[in-house]
Amino acid sequence: MDRYFQKIEVGAHKEIGGQWEPDRFIWQDTIYKILEIGRRWQDEDGEHILVMVPGGQVYELILATDQISWYLKPPVT
């Protein structure tokens with residue numbers, strides 16, 4: 001796992017097809033409601049999911065499927 005990823009809490013449910021669908025996450029003591037889910041891809045770190053929150057900010061969530069843990073790649077500011 002990339003050392004720059006931060007472990008976070010994510011509210012998600014599993015769809016009928018087995019795909020995880022996140023609907024919110026907590027980062028830096030703030031709850032972010034996910035408005036849209038964008039591109040997804042898989043690599044050695046897990047499943048990457050681009051999500052948009054209110055205000056138009058896009059975040060990259062990573063689901064480490066081997067341990068069902070969620071991580072965030074912090075946005076570049």
Measure the acute angle between the ring planes of Phe25 and Tyr59, then classify it against the limits of 30° and 60° as parallel, tilted or perpendicular. perpendicular
Are the side chains of Leu35 and Val53 in contact, using a 4.5 Å heavy-atom criterion? no
Between His48 and Glu60, do the side chains contain an N or O donor and an N or O acceptor separated by less than 3.5 Å? yes
If you look at every heavy atom in Ala12 and Pro22, which pair is closest and at what distance? CB-CA, 3.6 Å
Rounded to the nearest 0.5 angstrom, the CH2-CD distance for Trp27 and Gln6 is 6.0 Å
Nearest-0.5 Å distance, NZ of residue Lys14 to CH2 of residue Trp20: 5.5 Å
Any non-hydrogen side-chain atom of Leu50 less than 4.5 Å from a side-chain atom of Trp41? yes
Counting heavy atoms not belonging to Glu9, are there more than 12 under 6.0 Å from its CD? no
Quick one: does Phe5's side chain get under 4.5 Å of Asp45's, heavy atoms only? yes
Nearest 0.5 Å please: distance from the CD1 atom of Ile8 over to the CD atom of Gln28. 11.0 Å
Enter the distance from Asp43:CG to Ile62:CD1 here, rounded to the nearest 0.5 Å. 8.5 Å
Beyond-backbone contact of Leu61 with Leu72, side-chain heavy atoms, under 4.5 angstrom: yes
Might you point out which heavy atoms bring Pro54 and Lys33 nearest each other, and give the distance in Å? CD-O, 3.1 Å
With the threshold set at 4.0 Å, does a side-chain nitrogen-carboxylate oxygen contact exist between Arg39 and Glu47? no
Say you draw a straight line from CD1 of Ile26 to CD1 of Ile31; how long is it, rounded to the nearest 0.5 Å? 5.0 Å
Heavy-atom pair of closest approach, residues Val58 and Met52: CG2-CE, 4.1 Å
